K.L.:
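Below is a structure I'd like to ask you about.
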Amino acid sequence: EALRTLAELAVPAVADQCIVDLLHGSTIERRALVLADPGLQDAARLLEGFAPDIDSETPIAVAIRTGTTQLTPHTEELPDSAYHSPEHRQAVERIGLRSMVTVPMIVRGRTIGALTFGWRRPHAFGQDDIELAAQLARRVGLALDNSALYQETHGERERLSALVRQLPPGVLIAEAP
């Protein structure tokens, strides 16, 4: 839900489309896809079910595998492997994106996913555009990592508390110096 909210903030302020994909093991999971045009929400819902294969040559998969930003100034040059089915291709064509930038989310030296921004018009990527996308990806990645660390710490605290409650009366626990 938070990732969808983030994508909604980026559209239309930054781009006409924002996609958030996360890496789970060796699988890319699509977590959010938001479009500026409310008339295309049915196509967006369809596309949410089509995350790319990690081994494909799509900009998202390449960005996640290599940890490098992928610029797609002309979406018509996307490889056939970018499409899972004729319905997938039709939905992409209906949305009408002309250019995209995909930025990996890298945290503590590992890639955890990617943010993709798309435009319905040809877009000449300036250094400011690329830096903004990279900055957003860094911040989202850091927020996701902090959330995961918090949940992990909270879980450990709960387990420790349960163990302490199971100790027999009279057992003293002291901190080591």
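The basis for the numbers below is simple: all heavy atoms, side chains too, and nothing from hydrogens, waters or symmetry mates. Note that this is a predicted model, so its numbers are computed, not measured.
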K.L.:
Would you kindly confirm whether Val107 and Leu144 end up in one hydrophobic cluster when ILVMFWY residues are joined by side chain heavy atoms under 4.5 Å apart?
P.N.:
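Yes: a chain of side-chain contacts under 4.5 Å links Val107 to Leu144.
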
K.L.:
Does the side chain of Thr75 come within less than 4.5 Å of Met100's, by heavy atoms?
P.N.:
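Side-chain contact under 4.5 Å: yes.
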
K.L.:
Quick one: does Arg120's side chain have a donor or acceptor within less than 3.5 Å of a partner on Arg98's backbone?
P.N.:
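Answer holds: no.
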
K.L.:
Answer whether the closest heavy-atom distance between the side chains of Leu115 and Leu136 falls below 4.5 Å.
P.N.:
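When only atoms from C-beta onward are counted, Leu136 and Leu115 do touch, with a gap below 4.5 Å.
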
K.L.:
Assess whether a salt bridge exists between Glu29 and Arg31, defined as any Lys/Arg side-chain N lying under 4.0 Å from an Asp/Glu carboxylate O.
P.N.:
yes

K.L.:
Should the pair Asp37-Arg94 be classified as a salt bridge under the 4.0 Å nitrogen-to-oxygen rule?
P.N.:
no

K.L.:
Just verifying a value: how many Å separate Leu46 CG and Gln41 CD, rounded to the nearest 0.5 Å?
P.N.:
12.5 Å

K.L.:
Using a 4.5 Å cut-off on heavy atoms from C-beta on, say whether the side chain of Leu33 contacts that of Val20.
P.N.:
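Contact flag for Val20/Leu33 side chains = no.
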
K.L.:
If you define the side chain from C-beta out and look only at heavy atoms, does anything of Met105 sit under 4.5 Å from Arg139?
P.N.:
no

K.L.:
Give a yes or no answer on whether the side chain of Arg138 reaches the backbone of Ile106 with a donor-acceptor pair at less than 3.5 Å.
P.N.:
no

K.L.:
Got Leu132 and Gln127 here, is their nearest side-chain heavy-atom distance under 4.5 Å?
P.N.:
no

K.L.:
Would you name the heavy atoms of Val62 and Glu57 that are closest together and state the gap between them?
P.N.:
CG2-OE1, 3.7 Å

K.L.:
Sort out for me which residue in Ile54, Ile60, Thr58 forms a side chain to side chain contact (heavy atoms under 4.5 Å, CB included) with Ser56.
P.N.:
Thr58

K.L.:
Are any non-hydrogen side-chain atoms of Val11 and Asp16 less than 4.5 angstrom apart?
P.N.:
no

K.L.:
State, to 0.1 Å, how close Trp119 and Val14 come at their nearest heavy-atom pair, and which atoms those are.
P.N.:
NE1-O, 3.2 Å

K.L.:
Taking all atoms of both residues into account, what is the closest heavy-atom pair of Ala43 and Ile95, and its distance?
P.N.:
CB-CG1, 4.0 Å

K.L.:
Shortest non-hydrogen contact from Thr72 to Leu78?
P.N.:
CG2-CD2, 4.1 Å

K.L.:
Is the closest basic N to carboxylate O distance between Asp21 and Arg30 below 4.0 Å?
P.N.:
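Salt bridge flag = yes for Arg30 with Asp21.
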
K.L.:
Would you mind reporting whether Gln90 and Ser85 have side-chain heavy atoms less than 4.5 Å apart?
P.N.:
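No. Closest side-chain heavy atoms not under 4.5 Å.
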
K.L.:
To the nearest 0.5 angstrom, please state how far the OG atom of Ser99 sits from the CD atom of Glu77.
P.N.:
11.5 Å

K.L.:
Does any part of the side chain of Val101, heavy atoms only, come nearer than 4.5 Å to the side chain of Thr69, both counted from C-beta?
P.N.:
yes

K.L.:
Applying a strict under-4.5 Å side-chain criterion to I, L, V, M, F, W and Y, I'd like to know whether Leu35 and Ile19 cluster together.
P.N.:
yes

K.L.:
If you compare all heavy atoms of Thr111 against all heavy atoms of Gly67, which two are closest, and at what distance to 0.1 Å?
P.N.:
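So the two residues come closest at OG1-CA, 4.1 Å.
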
K.L.:
Find the distance between CD1 (Ile112) and CD1 (Ile64) and round it off to the nearest 0.5 Å.
P.N.:
10.0 Å

K.L.:
Between Arg89 and Asp80, does a side chain to side chain contact (heavy atoms under 4.5 Å, CB included) hold up when you go through it step by step?
P.N.:
CA-CA 9 Å; Arg89 184 185 289 269; Asp80 287 337; 3.1 Å; yes

K.L.:
What do you reckon, is CG of Asp42 surrounded by more than 12 foreign heavy atoms closer than 6.0 Å?
P.N.:
yes

K.L.:
Hydrophobic clusters here meaning ILVMFWY residues chained together by side-chain heavy-atom distances under 4.5 Å, can you tell me if Ile28 and Leu22 are in one?
P.N.:
no

K.L.:
Establish whether Val140 and Ile130 are linked, either directly or via other cluster members, by ILVMFWY side-chain heavy-atom contacts under 4.5 Å.
P.N.:
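Per the 4.5 Å side-chain linkage, Val140 and Ile130 are co-clustered.
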
K.L.:
Are Asp55 and Arg65 close enough for a salt bridge, meaning some N to O gap below 4.0 Å?
P.N.:
no

K.L.:
Can you name the closest pair of heavy atoms from Tyr83 and His88 and give their distance?
P.N.:
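Tyr83 and His88 have their closest heavy atoms at CA-ND1, 3.2 Å.
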
K.L.:
Rounded to the nearest 0.5 Å, how far does OG of Ser26 lie from CG of Asp53?
P.N.:
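OG of Ser26 is found 8.5 Å from CG of Asp53.
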
